[in-house]
Amino acid sequence: MCQIARIPGRRAYSLKLSVVVPTRNRREVLIRRTLPAMFSQDMPAEEFEIVVVVDGSTDGTGKVLRELSAPFSLQIIEQANRGPGAARNAGIRAAKGDVVLFIDDDILCGPGLFCQHVEAHNNQLPSVAYGRLSMAPEAPPSALRFANEAWFEQYYARIESQKGLKLPQSDYLISNSSMPRATLLECGGFDETMTAKEDYELGLRLWKMGLRFVYLPGAKAYEYFQKPIRYVLRKDGNAFGETDVLLSRKHPEYRPYSALAGLGRIARWKILWRRMFAALPFNPVGVLNFPLWICDRLCRFQFVRRVSRSLLGAGRSVTEFRGAVRQIGSWRLLEREFGARLPALLYHNVGPEREGTMRGLTVSPERFERHVRWLARRGYKGICPSDWLRWRKEGRGLPEKPVLITFDDGYEDLGEHALPVLRRYGFGGVVYVATKLLGETNEWDEDRGWGTMRLMTADQIRFWATEGIEFGAHSRTHADLTSLGSEELTEEVAGSARDLESLLGTRIVSFAYPYGFYSQNVVECVRSEFDLAFIADDDDEGLNDLRTDPHLLLRTMVQSDDSLLALECRARWGRYPLLQLWDRVRIRVALRTRLKRAAGVMTTRRH
Ligand SMILES: [Zn+2]
């Protein structure tokens, strides 16, 4: 018997634990396996109760339960079929214990499980305690069972390596998980509109309430897995697709981690076949039934298990996308809400070339106008960083072909040669300024021997902010942030946010790392002040999507002699591969010449 400290202020022998078990048409497993595993728990019978919620079963589960003589308190609730979320809510309402433990009807509790859950909540702040799930060895072998077994192993290996559950990126499983009943009542229990992932949704709300998630590796439970493949592929897949849309709308934190966020990243040809399968009037995963049936028969072989995992993954993905399209209305709307790809172009100055300035820093006004005209004709629409942020959070408000035009350093010439062009074409854009140098010159380049250029004044910034141009911070003095101590770093980053805020009277959304240099420290500091931040790195260019870290957003650097072909590549892929190819050829030629020279030296020496 386990020793359990009494919860202060409670009468002796108060009911500590209510185990809520929702069930639907699983009479045999419930009666023969799930409940007997609970009978043998080493906890005094007067300290816990079992609440079984029969959710519209048609196999006589309720009748058999009523005839059962259990050695502990057993509540039986019967209701019409309303799904596991609603069934668990009914269980929470009926429960009398201080702590509620959720166990599904096919989960077999390991020894000491109840005690470990109750002990985890003793004299502590409200928290969620969760134990480990794995496959019951006695469950019938099947391809799906082995696939789930592999999933469980990966899931708990990740939890153990990262020392706990990381929400919102990790999944959260409700079975073998417990929490104070008062907390469940306070948060309103499960969202009954979710047809799947209702446990993860509850987990997100508890996480946002600030609850700790405590892993109990010794609290082991085993799934007696029996689900047929067809059910998992079709019904579960559909429900997961629908729920992904609903979850993303309800919890913006989830959007980057949803399966749908992959839309912005996968190759176009892969999107095409997904789109085609989603448009079919019937679910094409039926063709997998026969190969999976064969896999089931041969699942004792490792390689067959691997094949069946791939087939299941592909089938599941098709069904999920079909479910998501049905929920959202059309493939086009789905891509609009989850699959946007954003090219961000990086310009420095636009204006006449100045004596002694860095080559490539300045694009001529004619070329800049040609670029913007080309983008507008191709249907691109210039957005601001705050538009991207809104889309990231809500999935709405982005044009079909967005492009973000960014200018680093905030040169005075922009006011004359670049920003009026953007205004004429109805484009937004963003200028990153070093906030302590407004109205002065690019002294960080002067120190390196480059020519002088004037920077925008506070008045110019205030004017263009009212004309649809956004302003972001580029530190206070254009310092290399990676070389600073923590105090100076905060001064440069947070200080620049305050400077601009007080200049424009509004919250500043984005930041650009000076010289494109950043380190983990720098990113963390920027993360605490800004919603978005842009890097500038020749080797790391590309498009931004829902999964791109909002504080390491990519840009592609426009060169002063960029043709329209180069611009097209940058807008389409976020980089200009020809330029990179040319650079590679140049490096190779230079290397070869050097090698030849070295070889020549050696030959001469030999002679
Ligand atoms: Zn700069």
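Hydrogens, waters and symmetry mates are skipped; everything else that's a heavy atom, side chains included, is used. Counting starts at 1 for both ligands and their atoms, following the listed order.
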Answer with yes or no whether the side chains of Ser364 and Glu353 bring together a donor and an acceptor at under 3.5 Å.
no
Polar protein atoms (N, O or S) that approach the Zn ion (ligand 1) to under 2.8 Å:
Asp409 OD1, His474 NE2, His478 NE2
Any carboxylate oxygen within less than 4.0 angstrom of a Lys/Arg side-chain nitrogen, looking at Arg555 and Glu541?
no
His371 and Asp562: side-chain donor and acceptor closer than 3.5 Å?
no
Which pairs with one or both residues in residues 393-402 pass side-chain hydrogen bond (donor to acceptor under 3.5 Å, both in side chains), sequence neighbours excluded?
Arg332-Glu400
Would you kindly say whether Tyr411 and Asp409 are connected by a side-chain donor-acceptor distance under 3.5 Å?
yes
Please check if any side-chain donor atom of Lys197 sits under 3.5 Å from a side-chain acceptor atom of Tyr254, or the reverse.
yes
